[in-house]
Amino acid sequence: MAIFQQIAFILVSIAAIFLFAKKAGQIRRNILLGRDTVPAGESGERWRNVLLLAFGQKKMFRNPLVAVMHFIIYAGFIIINIEVLEIGLDGVFGTHRLFAGPLGFLYSWLINSFEFLAVGVLTVCIIFLIRRNVLKIRRFLSKDLNGWPRSDANYILLTEIILMSLFLLLNASDTLLQQRGVGHFGTHLTGNFAFSSILHPLLNGAGNETLEAIERTCWWLHILGIFAFLNYLPYSKHLHIILAFPNAYYAPVEPEGKMHNMPDIQKEVLYAMQPELAPTGDAAAAPHGKFGAKDVADLNWKNLLDAYSCTECGRCSAACPANITGKLLSPRKIMMSTRDRLEEVGRNINANKQFNDDGKSLLHDYITEEELRACTTCNACVEECPVSISPLDIILQLRRYLVMEESNAPQEWNTMFSSIENNFAPWKFSPDDRDQWTMD
Amino acid sequence: MKVSSMAEMMMNGESPDILFWVGCAGSFDQRAQKITKAFASILQKTGIRFAILGKEEACTGDPARRSGNEFLFQMMAYNNIQVLNGYGIKKIVTTCPHCFNTLKNEYPELGGNYEVIHHTTLLQQLIDEGKIKMKEGGSFKGKRITYHDSCYLGRANDIYEAPRKVLETLDAELVEMKRCRSKGLCCGAGGAQMFKEEEKGDTRINWDRTSEALETGSAFIASACPFCNTMLTDGVKKNEKEAGVAVLDIAELVAASME
Ligand code: SF4
Ligand code: SF4
């Protein structure tokens with residue numbers, strides 16, 4: 001029986017990890033479809049961001065109450081997963097509470113603190129469920145989340161509640177079996193734990209066999225739940241629990257106001273102004289790439305990493321002046337659309353071994369002109385994002401494509417362009433009057 | 001007002017301490033010209049030797065770049081950098097956060113390296129150095145003032161304190177809007193929005209922002225950007241509050257309070 005469980009466990013683990021690794025590889029491939037980019041700033045400063053923004057969740061603390069609750073889920077979840085290490089080893093070796101012996105009294109202390117965290121996570125998940133579904137919070141009511149994204153958020157909260165309950169029930173049945181001295185349970189006396197012992201009265205009525213069955217079921221469901229969670233991540237906004245870290249590392253460390261340069265155009269202008277510098281022969285004939293971005297592969301890989309890291313929290317849109325005043329633009333939706341399109345391109349590559357043109361693109365099919373036009377480049381979205389995403393960077397690259405490749409600009413902008421070109425100011429004033437103010 | 005241009009200074013064999021980059025709004029927009037003059041008068045009073053580029057100044061290219069026209073931006077940048085480097089400019093002050101951002105953050109990789117400061121930072125320095133002294137019982141004493149953060153000064157460049165420190169010297173009652181500093185709401189002008197109609201929505205961004213400023217019950221809304229100034233002034237008019245509420249640039253507030 002035990003050996004059967006061991007084999008089953010090993011097979012399930014291999015399958016779960018294999019599936020996850022496969023999907024992770026596809027995501028990595030998708031991200032690397034993006035243009036190359038070198039993150040700005042020293043790596044020392046970027047490590048600082050990993051500590052402050054990712055581990056420390058600094059941006060979350062713009063709203064301290066929510067930050068503390070989110071921190072409980074995050075810390076609780078990570079720390080409790082240390083327990084998964086033991087579960088894994090127990091599963092492979094057919095042992096029971098492998099760490100209890102070597103760790104001694106420290107073991108009970110550890111499990112007690114895990115239980116404490118588990119109750120914390122459970123409580124916060126319930127609060128978050130209520131907050132999401134009952135309280136009227138604009139960024140959760142938004143139509144950005146209609147359909148799958150809204151369910152996704154709820155599924156994960158429910159899963160965490162179930163996992164935490166299983167963990168507590170597991171401990172409760174285990175400690176009760178210990179007290180009764182049943183089989184191998186009697187040889188590991190860990191003593192009761194803080195919270196699971198409260199469940200004892202519920203289980204007291206059960207016979208030893210039932211109790212053992214409950215213990216085993218909880219153990220299996222818990223570990224299967226964790227494997228399922230792992231494989232659910234790549235399809236969910238919860239991928240951020242992994243990608244928030246690299247995303248914080250690769251976030252540019254430079255003033256938010258600085259836009260990416262376009263060296264191709266810089267050179268073209270230079271050669272137009274100083275033709276003597278222009279290359280001749282083959283080099284001169286080299287075709288340039290697209291100006292700006294039309295589809296996901298025209299964005300850079302950090303933009304695509306951003307898309308997979310987005311938590312769909314909507315803090316960006318809640319601060320976006322365009323969104324607040326009822327415009328179509330929602331920076332959250334910009335990120336969600338980018339991920340959706342990238343996933344679609346990824347599926348296309350999976351099916352055809354390479355990307356077969358599907359006649360669609362991020363621009364127009366997923367993100368419309370009207371959305372792009374409404375952005376004031378105010379950086380509120382960038383400032384608010386807890387996981388170091390820049391929706392603005394994507395907006396600006398799509399705008400570049402609209403204007404430079406499609407000559408698609410509102411009439412007023414075309415007037416502004418020609419004024420700048422001819423009058424050196426965005427309005428049609430005579431350049432000779434530029435210092436007129438000194439005259440009167 | 002006599003202000004030397006770089007060309008004139010060069011002719012006289014002089015060089016300024018600092019170049020005042022006036023910007024398109026500051027040069028041509030009637031309302032913004034007042035800000036320009038107020039700031040220039042402060043510079044003159046404090047004895048700072050400054051010059052402008054005059055007719056040789058051109059748009060930095062900010063609205064072109066942000067609307068997507070990188071070609072036009074690069075052309076403007078190329079020409080401006082030629083002019084600035086030609087005069088050997090080292091230090092620039094500007095009253096426009098957009099010019100400030102472009103000159104400071106975007107020109108260096110195109111070959112234009114200057115020390116660029118925004119006028120609110122310079123004003124704060126001059127006050128700290130005692131070069132600007134405020135009148136006793138100045139015109140804003142005890143008056144309620146709220147400061148509107150410009151996106152291109154605040155979030156874009158992390159300048160939140162300098163304008164506030166300057167305002168503190170006015171002896172006025174400073175009140176913050178709920179959305180302030182890094183949470184400040186945009187006035188609606190950035191990203192070349194100034195030059196086109198807003199997209200369809202429930203309200204205008206500048207109306208939303210101005211209502212928030214008016215809710216503070218302030219007599220003055222302080223701005224540090226000519227575009228914010230225009231947007232907020234428009235919002236005040238929309239609310240028919242011109243009689244009781246004025247939108248003034250930090251430079252205007254200082255100029256009116258100096259000894
Ligand atoms: S930069 Fe654009 S998208 Fe981001 S908050 Fe401002 S207006 Fe919205
Ligand atoms: S971009 Fe950032 S702030 Fe916006 S929804 Fe995604 S994670 Fe939240």
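Just so you know, these numbers use all the heavy atoms, side chains as well, and skip hydrogens, waters and symmetry mates. Proteins get letters first, then strands, A, B, ... in listed order; numbering begins at 1 in each.
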Enumerate donor-acceptor pairs with a distance under 3.5 Å from any side-chain N or O in residues 147-154 of chain B to protein atoms, sequence neighbours excluded.
residue  : atom : partner  : partner atom : Å
B:His148 : ND1  : B:Arg209 : NE           : 2.9
B:His148 : ND1  : B:Arg209 : NH2          : 3.4
B:Asp149 : OD1  : B:Arg164 : NH1          : 3.1
B:Asp149 : OD2  : B:Arg164 : NH2          : 2.7
B:Asp149 : OD2  : B:Arg181 : N            : 2.7
B:Ser150 : OG   : B:Tyr152 : N            : 3.2
B:Ser150 : OG   : B:Leu153 : N            : 3.3
B:Tyr152 : OH   : A:Thr377 : O            : 3.4
B:Tyr152 : OH   : A:Thr377 : OG1          : 2.6
B:Tyr152 : OH   : B:Arg66  : NE           : 2.7

Q) Can you name the closest pair of heavy atoms from B:Cys24 and A:Pro426 and give their distance? A) SG-CD, 3.4 Å

Q) Checking A:Met416 against chain B: side chain, backbone, both or neither under 4.5 Å from a heavy atom? A) side chain

Q | A:Ile420 portion near chain B, given a 4.5 angstrom heavy-atom threshold | A | both

Q.
Taking A:Arg400 first and then B:Glu70, would you say they form a salt bridge - that is, a charged N and a carboxylate O separated by under 4.0 Å?
A. yes

**Q.** Partners meeting salt bridge (charged side-chain N to carboxylate O under 4.0 Å, His left out) with B:Lys37 (sequence neighbours left out)
**A.** A:Asp440

Q.
Looking at every non-hydrogen atom in both residues, tell me the closest pair between B:Ser67 and A:Val403 and how far apart they are.
A. O-CG2, 3.2 Å

(Q) What part of A:Ser430 gets within 4.5 angstrom of chain B, counting heavy atoms only: side chain, backbone, both, or neither? (A) backbone

Q. Chain A heavy atoms under 4.5 Å from B:Phe71: which part of the residue, side chain, backbone, both or neither?
A. both

(Q) Working to the nearest 0.5 angstrom, can you tell me the gap between B:Tyr107 OH and A:Lys258 NZ? (A) 13.5 Å

**Q.** salt bridge (charged side-chain N to carboxylate O under 4.0 Å, His left out) contacts touching residues 408-434 of chain A (sequence neighbours left out)
**A.** A:Arg434-B:Glu57

(Q) If only side-chain N and O atoms count, and only distance matters, is there a donor-acceptor pair under 3.5 Å linking B:Asn157 with A:Glu256? (A) no

Q | chain A contacts, top residue of B:Asn79, B:Asp158, B:Leu72 (heavy-atom pairs, under 4.5 Å) | A | B:Leu72

Q. With the threshold set at 4.0 Å, does a side-chain nitrogen-carboxylate oxygen contact exist between B:Glu197 and A:Arg373?
A. no

Q. Does any donor atom in the side chain of A:Arg399 or B:Asn69 lie under 3.5 Å from an acceptor atom in the other side chain?
A. no

Q) At a heavy-atom separation under 4.5 Å, does B:Gln33 approach chain A through its side chain, its backbone, both, or neither? A) side chain

Q) Which bit of A:Phe291 is near chain B, if near means a heavy-atom gap under 4.5 Å: side chain, backbone, both or neither? A) side chain

(Q) Between B:Leu110 and chain A, with a heavy-atom cut-off of 4.5 Å, which part of the residue counts as in contact: side chain, backbone, both or neither? (A) both

Q) Any residues in residues 182-189 of chain B near chain A, with a heavy-atom distance under 4.5 Å, and which are they? A) B:Ser182, B:Lys183, B:Leu185, B:Cys186, B:Gly188

Q | Under 4.5 Å from any heavy atom of chain A - which part of B:Met75 | A | both

Q | Heavy-atom contact with chain B under 4.5 Å, split by part of A:Pro431 | A | backbone

**Q.** Contact origin within B:Phe100 toward chain A - heavy atom pairs under 4.5 Å
**A.** neither

**Q.** Rounded distance (nearest 0.5 Å) linking atom OG1 of A:Thr438 with atom CD1 of B:Ile52
**A.** 5.5 Å

Q: Sort A:Gln436 into side chain, backbone, both or neither according to what part of it lies under 4.5 angstrom from a heavy atom of chain B.
A: neither

(Q) Only pairs of heavy atoms separated by less than 4.5 Å count here; which of B:Glu198, B:Lys196, B:Met1 has the most with chain A? (A) B:Lys196

(Q) Counting only non-hydrogen atoms closer than 4.5 Å, does A:Gln411 touch chain B with its backbone (N, CA, C, O), its side chain (CB onward), both, or neither? (A) neither

Q) Can you tell which of B:Lys200, B:Arg155, B:Gln193, B:Gln74 has the highest number of heavy-atom pairs within less than 4.5 Å of chain A? A) B:Arg155

Q: Quick one: which of B:Gly26, B:Gly61, B:Ala25 has the most heavy-atom pairs under 4.5 Å with chain A, could you say?
A: B:Ala25

Q | Minimal non-hydrogen separation, B:Ala192 against A:Trp413, with atom names | A | O-NE1, 2.8 Å

Q. Can you find a heavy atom in the side chain of A:Gln274 that is under 4.5 Å from one in the side chain of B:Tyr78?
A. yes

Q.
Under 6.0 Å between ring centres: does that hold for B:Phe195 and A:Trp427?
A. yes

Q) Any donor and acceptor pair, going by atom type alone, linking the side chain of B:Asn101 with main-chain N or O of A:Gly257 inside 3.5 Å? A) yes

